[in-house]
Amino acid sequence: MASYWLFKTEPAEYSITDLAGEPGATVRWDGIRNYQARNHLRDDIAKGDQVLIYHSSCKVPGIAGTAKVVSAPYPDPSQFDPNSPYYDAKSSVGAPRWFCVDICHQSSFDNVIPVSRLRTVQALAEMVLFRQGRLSVQPVSEGEWQILVELGLHKRHPVPVQE
DNA sequence: GCCAACGTTGGC
DNA sequence: GCCAACGTTGGC
C-alpha cells in the first residue's frame with residue numbers, strides 16, 4: 001500500500017514548476033543530507049508513494065502540488081562526485097551514506113496552500129510539519145493527505161500533457 | 001533581519 | 001558519552 005510524504009524545497013532553488021518542466025516531468029530528488037530524512041528515503045519510501053511538494057523559505061510557504069515516487073530508493077550519485085556541492089568524502093560506493101528517489105510531477109495547485117492556513121486546520125495539528133521543524137522529507141498520514149487533497153481540490157489544474 | 005528550534009561538531 | 005559552541009532551517 002502506498003504511503004504519503006512531504007518533500008520540502010526552496011522554490012528559488014527548485015520549484016514545482018521546475019519539476020513540471022523536466023523531461024517526462026521526472027527528476028532525481030537528490031542532495032538530502034539529514035540522517036532522519038535519509039532514513040525515510042532509504043528505508044520507508046517505495047515506488048508508487050505519493051508526495052506533497054512543499055515550498056519553504058519563500059514569500060508564501062506552503063503546499064504547491066503533488067508528485068509520485070517512480071523509482072525504488074537508490075544511493076544518491078552526487079555523494080560520490082567531488083565536483084558536486086553534495087559530495088561526501090566519507091561515503092563510498094560500497095557503503096553509501098545518502099539515498100534518493102526519482103519523482104514525477106502529478107499536479108500543481110493554482111495557488112499554494114499557505115502554511116498559515118494549514119495551521120488553522122485542527123485535523124492537521126499533528127502533522128510532522130508542525131511537530132518537528134527542519135525535516136525536509138517527512139511522513140504524512142493518510143487522513144492528513146485526504147484533507148490536504150480536499151483543500152487543494154479547487155485549486156488544482158491537471159498536469160499538462162507532455163510532448 | 002530576527003530568532004527559536006534543532007542538528008552537527010569537537011574538545012574533554 | 002557529555003555538552004557547549006556553532007551552523008542551518010524556516011516562519012514571521
Side-chain angles (χ1 to χ4, degrees), chain A residues 3-22 27-45 49-67 69 73-103 105-141 143-152 154-156:
Chain A
S3 302
Y4 305 95
W5 304 94
L6 182 150
F7 288 4
K8 292 183 185 174
T9 182
E10 297 188 16
E13 298 295 321
Y14 194 86
S15 73
I16 186 90
T17 306
D18 294 324
L19 174 59
E22 298 281 0
V27 78
R28 170 185 295 150
W29 204 259
D30 61 2
I32 302 298
R33 295 295 182 269
N34 166 283
Y35 284 104
Q36 204 173 345
R38 186 283 306 272
N39 291 345
H40 287 313
L41 278 170
R42 186 188 61 188
D43 305 331
D44 305 328
I45 295 184
D49 284 359
Q50 299 285 126
V51 179
L52 298 164
I53 301 298
Y54 181 90
H55 283 177
S56 66
S57 296
C58 57
K59 191 171 180 183
V60 184
I63 296 172
T66 63
V69 177
Y74 61 99
D76 179 348
S78 66
Q79 69 195 302
F80 308 125
D81 177 5
N83 296 318
S84 168
Y86 302 120
Y87 178 62
D88 185 345
K90 294 178 180 170
S91 188
S92 67
V93 176
R97 181 176 290 187
W98 307 111
F99 285 75
C100 62
V101 291
D102 297 342
I103 62 169
H105 178 263
Q106 276 198 318
S107 67
S108 296
F109 299 157
D110 289 332
N111 299 104
V112 165
I113 307 174
V115 67
S116 58
R117 179 169 180 212
L118 301 183
R119 279 186 199 285
T120 68
V121 180
Q122 187 72 36
L124 298 178
E126 297 300 314
M127 281 188 75
V128 176
L129 186 66
F130 302 126
R131 308 292 292 184
Q132 178 184 357
R134 305 171 17 109
L135 184 59
S136 58
V137 171
Q138 56 179 256
V140 172
S141 76
E144 289 160 355
W145 174 272
Q146 282 170 5
I147 288 163
L148 291 160
V149 165
E150 290 281 318
L151 285 176
H154 302 296
K155 290 187 173 182
R156 191 189 311 202

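First the proteins, then the strands, lettered A, B, ... as listed; each starts at 1.
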What's the separation between atom CD1 in A:Ile32 and atom CG in A:Leu41, rounded to the nearest 0.5 Å?
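Between atom CD1 of A:Ile32 and atom CG of A:Leu41 there are 6.0 Å.
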Partner residues of A:His55 under the ring pair (Phe, Tyr, Trp, His ring centres under 6.0 Å) criterion, sequence neighbours left out
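Once residues adjacent in sequence are excluded, A:His55 has no partner under the ring pair (Phe, Tyr, Trp, His ring centres under 6.0 Å) criterion.
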Of all residues at least two apart in sequence or in a different chain, which pass the ring pair (Phe, Tyr, Trp, His ring centres under 6.0 Å) check with A:Phe130?
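Residues passing ring pair (Phe, Tyr, Trp, His ring centres under 6.0 Å) with A:Phe130: none at all.
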Give [X] one of three labels, base, sugar-phosphate or nothing, depending on what nucleic acid heavy atoms sit under 4.0 Å from its own.
X        : value
A:Glu10  : nothing
A:Arg33  : nothing
A:Phe130 : nothing

Just checking A:Trp98 against A:Tyr74, ring centres under 6.0 Å apart?
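Not close enough - the centres of the two rings lie 6.0 Å or further apart.
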Nucleotide range of DNA chain B lying under 4.0 Å from chain A heavy atoms:
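Boundary nucleotides touching chain A, in 5' to 3' order, are B:dA5 to B:dT8.
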NZ/NE/NH1/NH2 to OD/OE distance under 4.0 Å, A:Arg33 and A:Asp76
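A:Asp76 and A:Arg33: salt-bridged.
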